[in-house]
Amino acid sequence: MTVFDDLGVLDEVLAAGHAKYPVQTYRDGALSHRRERITHTGQRPKMWLLGQARTEQLLRDRLAALGVRVQLGTAVTGLSQDAQAVTVRLNGEEIRAAYLVGADGGKSFVRHVLGVPFPGTTDETVRMLICDVEIDGLDTTCAHWFAQGLALVPVSGQPPLFQLRAPLGADAPQTTHSGVQALLDSRCGAGEVRLRDLRWSTVLRSNLRVAERFRIGRVFLAGDAAHVHPPTGSYGLNTGVEDAYNLGWKLATALSNSECEALLDSYHQERHRVASQIHTMITGLMRTYASGGEVPPELDLSYRRSPLSVDERAKPGTLRAGDRAPDALVQARDGRLTRLFELFHGTHATVLAFGQESADPPNWPGEVRTYSVFPPGFGGEFTDHEGQAFGAYDVLPATQVLVRPDGYVAVIRSVRSSVSSNTIRPSRS
């Protein structure tokens, strides 16, 4: 949602989706427990549910508003590359491009042509049935959990749909209307839940794989083309979005500045490590889900080990270079409260100069915008509102924090300050 906020589609995402539903759990066909949804606090909810097809449509609409049209049904049939560009054949046409991003799914043609190994495991004994269904007999304002891990979760839209998820174990895949109804009868109680319409269905295997390389010359792999795993924990689309967001600003920088070509190497270094983390974590989550447990989608990601992350302080704080930059409220000279995320919006990098009226920012390719943030009681371009910014960034005056265009901290360094750190010691988070 932080990414969607920056891309200008967050309002549409919030309007189209919904918060996590209350969950009703059943035993022997009867309601045994109800867990209410957790009311979110702050600028945005911690979790928001929205189908992938609708998410893609919102992004395409945003691109259309910017004058970009996405061509669907356009297959890549060949590619080659040299030192200057990539040659791509699609639908009988041949084009030359500076770079190519293969985001063409788990069976990626681009990955296969490049010969990139896709190591991992496929466990045929762990399979999951996923369907979009219309159901009679269930409340559409909550999710429902039945025996053996069968879950029915509402999906936004008209008419109301549920997404059915059920671990199959050794059961034969049942993707027909009668087969899904038989599964409902066996796990929910005969005749208790009636299937009105089966819109779409598939059986997913426990397939966990990560490509050995995310960059091969001028070609990059992103999303399922680079890493695949079951939908447990809802990391698939989110991880693909983060891949693209990480790569996009680096490509833009390299296209405008040929001396920044090496910046593109950091894409593999950063995102391959993340994909490997998710691979390890989901292996455990799948075992939990297959046994009937509910999986909490939580993952704390950081680029602390990236070559782009530099922390020059003698004593680093809790926030380190490579972490996602936190949000906080600051007050402008005119009294208006502003979120730091508003200052980050756009394709530029941002320097937060804590306790500095003017600052010599760190060397960074591309546009850099600098904003001064002073403790409460000190005049300046922005004043920290109730100590939120100093606390969230865990810094003292005389500190500069450079935030990358994708919202991650690149550089933290101590500098000479116009506010004495001996007299002002803001509370730490």
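We use all heavy atoms of the structure for the numbers below, so side chains are in, but hydrogens, waters and symmetry mates are not.
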Test log, rule side chain to side chain contact (heavy atoms under 4.5 Å, CB included), inputs Glu386 and Leu329: CA-CA 8 Å; Glu386 299 178 348; Leu329 284 174; over 6 Å; no

Closer than 3.5 angstrom, by distance alone: can the side chain of [X] be matched with the main-chain N or O of [Y] as a donor-acceptor pair?
| X | Y | result |
| --- | --- | --- |
| Thr370 | Val351 | no |
| Arg218 | Ala83 | yes |
| Tyr408 | Ser302 | no |
| Gln81 | Ile216 | yes |
| Trp48 | Val13 | yes |
| Asn91 | Glu93 | no |
| Ser108 | Ala225 | no |
| His279 | Leu208 | yes |
| Ser201 | Cys131 | no |

Taking atom [atom1] of [X] as the centre, report whether more than 12 heavy atoms of other residues, nucleotides or ligands fall under 6.0 Å from it.
| X | atom1 | answer |
| --- | --- | --- |
| Arg305 | CZ | no |
| Asn363 | CG | no |
| Arg27 | CZ | no |

Check: [Y] and [X] side chains under 4.5 Å, non-hydrogen atoms:
| X | Y | answer |
| --- | --- | --- |
| Leu308 | Leu263 | yes |
| Asp82 | Arg96 | yes |
| Arg413 | Leu402 | no |
| Asp5 | His345 | yes |
| Glu56 | Arg60 | yes |
| Arg404 | Asn246 | yes |
| Ile130 | Gln163 | yes |
| Phe146 | Val193 | yes |

Could you report the tightest heavy-atom contact between [X] and [Y], atom names first, then the distance?
| X | Y | result |
| --- | --- | --- |
| Ser309 | Val409 | OG-O, 4.2 Å |
| Thr253 | Trp249 | OG1-O, 2.8 Å |
| Leu152 | Pro154 | O-CD, 4.1 Å |
| Arg111 | Gly105 | NH1-O, 4.0 Å |
| Tyr99 | Leu255 | CE1-CD2, 3.7 Å |
| Val241 | Val3 | CG1-CG1, 3.8 Å |

If the plane angle is over 60° it's perpendicular, under 30° parallel, otherwise tilted; pick one for [X] and [Y].
| X | Y | answer |
| --- | --- | --- |
| Phe354 | Phe390 | perpendicular |
| Tyr21 | His18 | tilted |
| His272 | His268 | tilted |
| Phe344 | Phe341 | tilted |

Could you tell me the separation between the [atom1] atom of [X] and the [atom2] atom of [Y], rounded to the nearest 0.5 Å?
| X | Y | atom1 | atom2 | answer |
| --- | --- | --- | --- | --- |
| Asp132 | Phe162 | CG | CZ | 12.0 Å |
| Thr55 | Leu50 | OG1 | CG | 3.5 Å |
| Cys260 | Leu251 | SG | CG | 12.0 Å |
| Leu129 | Leu164 | CG | CG | 5.5 Å |
| Thr121 | His229 | OG1 | NE2 | 12.5 Å |
| His144 | Thr25 | NE2 | OG1 | 10.5 Å |

Worked verdict on Val155 versus Arg199 for side chain to side chain contact (heavy atoms under 4.5 Å, CB included): CA-CA 12 Å; Val155 177; Arg199 296 289 190 87; over 6 Å; no

Run the side chain to side chain contact (heavy atoms under 4.5 Å, CB included) check on Arg62 and Leu7 step by step: do they pass? CA-CA 8 Å; Arg62 174 62 173 155; Leu7 296 180; 5.5 Å; no

Can you see whether Phe220 has Arg215 sitting over its ring - NZ or CZ less than 6.0 Å from the centre and within 45° of the normal? no

Pair Asp384-Gln388, side-chain donor/acceptor within less than 3.5 Å: no

Do Arg209 and Thr122 meet the criterion of a side-chain donor-acceptor pair at a distance under 3.5 Å? yes

Between Glu381 and Arg369, does any side-chain N to carboxylate O distance fall below 4.0 Å? no

Note: Arg339-Asp327 ion pair, threshold 4.0 Å (strictly below):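 Salt bridge flag = yes for Asp327 with Arg339.
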
So Arg320 and Tyr303, side-chain hydrogen bond (donor to acceptor under 3.5 Å, both in side chains) or not? Walk me through it. CA-CA 9 Å; Arg320 305 287 186 89; Tyr303 300 142; over 6 Å; no

For Leu114 and Arg213, what are the C-alpha separation, side-chain angles and deciding distance, and is it a side chain to side chain contact (heavy atoms under 4.5 Å, CB included)? CA-CA 10 Å; Leu114 295 171; Arg213 296 293 305 171; over 6 Å; no

Worked check of side-chain hydrogen bond (donor to acceptor under 3.5 Å, both in side chains) between Arg54 and Gln57: CA-CA 5 Å; Arg54 183 66 176 131; Gln57 184 61 57; over 6 Å; no

Gln24 and Asp139: CA distance, side-chain angles, deciding distance, side-chain hydrogen bond (donor to acceptor under 3.5 Å, both in side chains) verdict: CA-CA 10 Å; Gln24 294 190 165; Asp139 183 355; 5.7 Å; no

